[in-house]
K.L.:
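Below are the structure tokens for one structure; questions will follow.
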Amino acid sequence: MTEKNNKIYLTTPIYYVNSVAHLGHAYTTLAIDVLTRYYRELGKDVFFLTGTDEHGAKIFEAAQKAGKTPQGFCDEVSSLFKKAWGNLNIGYSYFIRTTDKNHEEKVAEFLTILKDKGFLYEGEYAGKYCVGCEKFVTEKDLVDGKCPDHKCEPQDVAEENWFFKLRQLLPKIQELIESDKILIRPENAKSEVLGVIKQGIDDISISRKNVSWGIKLPWDESQTIYVWVDALLNYWTVLQNFNKTEFWPADLHLVGRDILKFHCIMWPALLLAYYKEGAIDQLPKQIFCHGYFTIDGQKMSKTIGNVIDPNNLIKKYGIDATRYLLLTQFPFGNDGDVSLGRLDEKYNSDLASGLGNLTARVITLARKSNIKNQTSKIKIKSQKVKQAILEAKNKHNFSLALENLKIDEALGAVWELIGACDKIIDTEKPWEVTDQKSKIKNQKVIEDLLLALQEIAELLKPFMPQTAEKITGQIKTGKSEPLFPRLNF
């Protein structure tokens, strides 16, 4: 990450409150939590932002269906997101809501400056608008005349709006993306964005005339600020409002593919228009796009009934096990399928029989051999243990993998170390004592395994913080307690 006097700024998208937190939301938020914990362990000052997107026609309709006021509906659902992140042990710095008054005020100020600089103009829009996507669409975006994501026909809209001069900024944005000054990863996401730019994009409407639930344009209260402009500005408004501008710009925006173009094209364009001189230094450093989730081969859908509440996984597996299972389903950044049956198998194999069993074996061996904790005072003697640790940290590039968002690979390196330690126990058989020489040898092996276990705990801190603490506690006390009771199914 780019350092700004040791400051790092990491963000999730802000999530629409038309539905409660699900597995996809949890996956994204957990990834940023892992990076935040990792960088904080390195002594970095990290600002981790998440929150909820609460304006727009889609939210207004959802509130009406629920028989609530828009604000009451938003308050309720936003609190459920906060509760889910608390249950998942997410350590965010701030949870922003776009209905926060200080956010609304800063959005209005930002657009007033864009108007004063000549980047906004009044015009007429006539076209199709998908309420579900909260965006204007063209015929090429539709399948059989319907939005492919929401399976409904878009509305025909003709109204006077305010427009943003996006087209004049596109050449600069294209240049910055091609040169990786705005780094878009994975590479296929970068190619997708550049393809959209090269096809040509019109100026965008930044306001709507007949949307009641949103922020009014300060110079034209008949117009409501387009929800995507409102939402994107959250990354900027929070630092302005809380005097945290030393964290600007964002080092990483983590987004899903469905919102990639908004973050890679519209967002940099708004910032270029606002800052103008020296704007390159004000743009996000990296935008990383993770893949789509499917559940047992099917897209998550309320109709199908396969939308998974992370709270239910936590009840079944526990907090840290849920964190691990979510992060290791498939390579981070790729599309992937979550198999519910596979979650049980992975819990038992990786956690109960893997990490949990190794911890119990090592702690039990140490206790039976009357080896007291002194891991801070001794150095590893066994070449096998030393090599296993070095491979996890260096050969498998634990830190590099994590910093490049190869989160599953970083965890894979830890599990390589776990497997190596199990193999050393099976090979060395340190419980077999035949004479004084074997006793001394076994003691050295067990001491080394305790050190390796402490290394495993340290590496696991960003991913499974409670488990890391439990392992360290067991090393200190010499008392073994099951970390992950085996599931019977």
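Since this is a predicted model, take the numbers as computed values, not measurements.
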K.L.:
Is a salt bridge present between E61 and K58, judged by a nitrogen-to-oxygen distance below 4.0 Å?
P.N.:
no
K.L.:
So does K216 have more than 12 non-hydrogen atoms from other groups sitting under 6.0 Å from NZ?
P.N.:
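Enclosed: over 12 neighbouring heavy atoms sit under 6.0 Å from NZ of K216.
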K.L.:
Are side-chain N/O atoms of T52 and E54 paired as donor and acceptor at under 3.5 Å?
P.N.:
yes
K.L.:
Do W236 and Y274 have their ring centres less than 6.0 Å from each other?
P.N.:
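That pair passes the under 6.0 Å test.
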K.L.:
Quick one: side-chain contact (heavy atoms from CB on, under 4.5 Å) partners of E187, sequence neighbours excluded?
P.N.:
R185, K190
K.L.:
Please report the C-alpha distance between T472 and Q454 in whole Å, then the side-chain angles of each, then the deciding distance to 0.1 Å, and finally whether the side-chain hydrogen bond (donor to acceptor under 3.5 Å, both in side chains) criterion is met.
P.N.:
CA-CA 6 Å; T472 300; Q454 184 62 59; 3.3 Å; yes
K.L.:
For K7, is there an ion pair with D45 - N to carboxylate O distance below 4.0 angstrom?
P.N.:
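Result for this pair is yes, salt bridge flagged.
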K.L.:
Going by an N to O cut-off under 4.0 Å, is there a salt bridge joining R323 and D33?
P.N.:
yes
K.L.:
For residues N311 and D309, is any side-chain donor paired with an opposing acceptor at under 3.5 Å?
P.N.:
yes
K.L.:
Please verify the inter-ring angle class for F95 with Y92; under 30° counts as parallel, over 60° as perpendicular, anything in between as tilted.
P.N.:
tilted
K.L.:
Classify the ring geometry of Y347 against F484: parallel below 30°, tilted from 30° to 60°, perpendicular beyond 60°.
P.N.:
perpendicular
K.L.:
Kindly state each residue pair satisfying ring-ring contact (aromatic ring centres under 6.0 Å, His included) with at least one member in residues 185-213, sequence neighbours excluded.
P.N.:
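Every pair satisfying ring-ring contact (aromatic ring centres under 6.0 Å, His included) with a residue in residues 185-213: H55-W213.
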K.L.:
Quick one: are the ring centres of W415 and Y324 less than 6.0 Å apart?
P.N.:
yes
K.L.:
For the pair Y38 and F398, name the ring-plane relationship: parallel under 30°, tilted 30 to 60°, perpendicular over 60°.
P.N.:
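Correct class here is perpendicular.
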K.L.:
Would you check if the side chain of D320 reaches a backbone N or O of T467 as a donor-acceptor pair within less than 3.5 Å?
P.N.:
yes
K.L.:
What residue among L411, V34, L405 forms side chain to side chain contact (heavy atoms under 4.5 Å, CB included) with F332?
P.N.:
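So, applying the side chain to side chain contact (heavy atoms under 4.5 Å, CB included) to F332 and each of L411, V34, L405, only L405 qualifies.
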K.L.:
Give me the one residue out of Y235, W267, Y9 that meets side chain to side chain donor-acceptor pair (under 3.5 Å) with H253.
P.N.:
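Only one of Y235, W267, Y9 forms a side chain to side chain donor-acceptor pair (under 3.5 Å) with H253, namely W267.
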K.L.:
Are a donor atom and an acceptor atom from the side chains of E192 and N188 found within less than 3.5 Å of each other?
P.N.:
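No, no side-chain donor-acceptor pair sits under 3.5 Å.
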K.L.:
Is the number of heavy atoms from other residues, nucleotides or ligands within 6.0 Å of NZ (K244) greater than 12?
P.N.:
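For K244, atom NZ is not crowded (no more than 12 foreign heavy atoms under 6.0 Å).
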K.L.:
Below 30° counts as parallel, above 60° as perpendicular, anything between as tilted: where do the rings of H25 and Y15 land?
P.N.:
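Correct class here is tilted.
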K.L.:
Could you tell me whether K117 atom NZ has more than 12 heavy atoms of other residues or ligands within 6.0 Å of it?
P.N.:
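Atom NZ in K117 is packed in, count exceeds 12.
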K.L.:
Any chance CD of E469 has more than 12 other-residue heavy atoms, nucleotides or ligands included, within less than 6.0 Å?
P.N.:
no
K.L.:
Can you list the residues that meet the ring pair (Phe, Tyr, Trp, His ring centres under 6.0 Å) rule with F247, with sequence neighbours excluded?
P.N.:
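With sequence neighbours excluded, F247 shows a ring pair (Phe, Tyr, Trp, His ring centres under 6.0 Å) to F47, given in chain and number order.
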K.L.:
Please identify which of these residues, N241, T237, N234, meets the side chain to side chain donor-acceptor pair (under 3.5 Å) condition with H103.
P.N.:
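The single option meeting the side chain to side chain donor-acceptor pair (under 3.5 Å) with H103 is T237.
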K.L.:
Scan side-chain atoms only and decide if T245 and Q240 contain a donor-acceptor pair under the 3.5 Å cut-off.
P.N.:
no
